[in-house]
Amino acid sequence: MKLIVVATDFSPQAELAMWQAADLARATGARLLLLHIVTMPELALGLEATLADSGLEKESLISAQLASAREQLAGLETAVRERGIQVTSEVRDGFADTAIGDCATALGADLVVIGTHGRTGLKRFLLGSVAERVVRLSTESVLVARAPAGPESARHGFARILVPTDFSDLAEAALTMSLSVATAKARIDIVHAWQIPASVTAYAPARVVDAAFGGLREQLIADIEKRGKCLVSRFSRPEKSVRFFALEGSPAAAILAHLGDRRYDLVVMGAHGRRRMKRLIVGSVVERVIRHAPCSVLAVHRRPRAPEA
């Protein structure tokens with residue numbers, strides 16, 4: 001990696017994203033760009049009545065907001081630079097969901113890192129968080145950071161990584177990326193979720209399905225295990241442990257159940273979808289994992305440069 005763009009709104013979640021990005025930058029030699037987006041059109045339109053009542057001018061308020069943002073960015077730059085990492089900062093105007101990805105693309109960034117505000121209960125099902133929209137709209141890979149915040153927390157990089165695969169080229173790109181971000185002695189678990197189509201099993205008792213499709217099931221599992229072993233052989237490294245698991249169930253549910261049973265630092269997975277349709281597609285496997293995973297999630301949009309074996 002050469003450039004990592006870190007989006008920040010100065011929240012604790014954004015601070016976590018910054019420090020996870022700093023860990024990656026230090027490990028890979030990349031430089032960081034701290035990016036803050038100011039949505040000036042929304043600010044100017046939404047506060048006209050308040051400004052009129054207070055006697056303030058929009059230009060003065062915007063200037064003050066920009067000055068405050070640059071001051072906070074300068075403080076973050078200093079903290080990151082003290083850890084020996086090359087870092088710059090920038091303030092841009094726009095709407096965060098599009099401006100973050102557009103900036104990363106324009107600068108040729110290898111990765112976007114963004115925090116996500118925690119949600120519980122019904123709020124998990126409310127769509128539209130900035131992090132989800134950035135993943136959906138960006139053409140660059142996006143790391144959504146989630147973990148205990150702060151540079152003082154006992155983190156040692158991404159040492160336990162889960163990589164779901166559907167055996168596609170983009171899934172292999174996710175595996176390549178996992179090697180790039182993993183610590184020296186990391187454990188990388190590859191998982192593939194499979195199931196007999198519901199249209200086959202919906203109206204038949206389990207014993208009937210087992211009798212009719214038992215042979216097919218065994219053949220399917222054998223084929224999956226064979227392809228999994230091939231991936232393990234291709235992506236294993238002397239200093240990293242790579243394993244494969246076949247999970248029965250729908251992809252999102254099986255992945256999340258596996259995450260719940262084990263402890264991981266990061267999920268790395270391919271983000272499918274066409275850019276023009278991403279604004280309309282809701283409930284993809286990647287989005288469900290991002291919303292419910294107990295750890296950070298890296299959505300890979302394109303094949304990264306392969307690390308040396």
Side-chain angles (χ1 to χ4, degrees), residues 1-8 13-14 16-35 37 96-116 129-147 157-158 161-166 168-183 186 188 190 235 251 255 264-279 281 284-291 293 295-307:
M1 292 188 188
K2 295 183 178 180
L3 174 63
I4 301 172
V5 171
V6 187
T8 181
Q13 292 81 9
L16 166 66
M18 183 185 74
W19 290 118
Q20 286 199 355
D23 287 343
L24 287 177
R26 185 170 53 186
T28 62
R31 64 184 178 90
L32 290 188
L33 172 68
L34 304 180
L35 176 66
I37 304 298
D97 58 352
T98 53
I100 293 169
D102 290 345
C103 177
T105 299
L107 296 175
D110 298 286
L111 182 66
V112 175
V113 183
I114 187 170
T116 180
S129 76
V130 172
E132 287 180 4
R133 293 198 301 271
V134 170
V135 171
R136 189 182 303 179
L137 299 174
S138 178
T139 59
E140 313 306 320
S141 297
V142 180
L143 170 63
V144 179
R146 183 184 286 116
F158 297 123
I161 300 177
L162 182 70
V163 186
T165 183
D166 58 2
S168 66
D169 290 342
L170 194 55
E172 292 202 7
L175 271 167
T176 300
M177 179 69 88
S178 72
L179 292 174
S180 298
V181 302
T183 59
I188 299 173
I190 307 169
F235 287 90
I255 292 166
Y264 289 96
D265 303 314
L266 178 68
V267 180
V268 184
M269 57 194 306
H272 292 277
R274 297 179 175 83
R275 183 172 174 80
R276 290 181 180 178
M277 293 298 295
K278 283 183 180 179
R279 288 184 180 273
I281 297 174
S284 72
V285 174
V286 174
E287 288 181 353
R288 285 189 61 190
V289 172
I290 288 172
R291 194 173 303 166
C295 60
S296 299
V297 180
L298 200 170
V300 177
H301 284 278
R302 61 178 65 183
R303 181 176 291 276
R305 289 181 290 271

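Scope of the values below: all heavy atoms of this structure, side chains included, with no hydrogens, waters or symmetry mates.
Pairing each heavy atom of V268 with each of P164, the nearest pair is O-CD, 3.3 Å. A104 and V112 get closest at one heavy-atom pair: CB-CG2, 3.4 Å. Annotation for A96 and V130: closest pair CB-CG1, 4.0 Å, computed over non-hydrogen atoms. Scanning all heavy atoms of the two residues, the minimum distance from V285 to P251 falls at CG2-CB, 3.9 Å. For the residue pair L170 and A271, the shortest heavy atom distance occurs at CD2-O, 3.3 Å. Closest approach of S141 to V300, counting heavy atoms only: OG-CA, 3.4 Å.
Remark: the backbone N or O of V135 is paired with a side-chain donor or acceptor of H301 at under 3.5 angstrom. Of the possible donor and acceptor atoms, none in the side chain of R146 sits under 3.5 Å from a partner among the backbone N and O of A17. Between the side chain of D110 and the main chain of K2, a donor-acceptor pair closer than 3.5 Å is present. Remark: the backbone N or O of A171 is not paired with any side-chain donor or acceptor of T165 at under 3.5 angstrom.
Here the CG atom belonging to D265 is positioned 8.0 Å from the OG atom belonging to S296, to the nearest 0.5 angstrom. In this structure, OG on S138 lies 11.0 Å from CG on D97, to the nearest 0.5 angstrom. Note that CG of L35 and SG of C103 are 4.5 Å apart. Values are rounded to the nearest 0.5 Å. Note that CD1 of I190 is 7.5 Å distant from OG of S178, once rounded to the nearest 0.5 Å. In this structure, CZ in R136 is found 13.5 Å from OG1 in T98, a value given to the nearest 0.5 Å. Considering OG of S168 and CD of E172, their distance stands at 8.0 Å, rounded to 0.5 Å.
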Please walk me through it: do V181 and L266 pass side-chain contact (heavy atoms from CB on, under 4.5 Å)? CA-CA 10 Å; V181 302; L266 178 68; 3.8 Å; yes
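A heavy-atom distance below 4.5 Å is not found between the side chains of L298 and M269. Within the 4.5 Å cutoff, no side-chain heavy atoms of M1 are placed close to those of R31. F235 has its side chain within reach of T176: a pair of non-hydrogen atoms, C-beta onward, lies under 4.5 Å apart. L33 is listed as a side-chain neighbour of L3, based on a closest heavy-atom distance under 4.5 Å. Within the 4.5 Å cutoff, no side-chain heavy atoms of M18 are placed close to those of T8. Taking the side chain as every heavy atom from C-beta outward, T105 and E140 approach each other to under 4.5 Å.
Among residues two or more places apart in sequence or in another chain, the salt bridge (charged side-chain N to carboxylate O under 4.0 Å, His left out) test is passed with R26 by D23. Not counting sequence neighbours, the partners of A182 by the side chain to side chain contact (heavy atoms under 4.5 Å, CB included) test are I161, A186, I188, K240. Residues satisfying the side chain to side chain contact (heavy atoms under 4.5 Å, CB included) test with A131, not counting sequence neighbours, are I114, T116, S129, V144. A search for side chain to side chain contact (heavy atoms under 4.5 Å, CB included) contacts involving A21 returns I4, V6, L32, V113, not counting sequence neighbours. Residues satisfying the side-chain hydrogen bond (donor to acceptor under 3.5 Å, both in side chains) test with T28, not counting sequence neighbours, are none. Every side chain to side chain contact (heavy atoms under 4.5 Å, CB included) that C295 has, sequence neighbours left out, goes to L259, Y264, V267.
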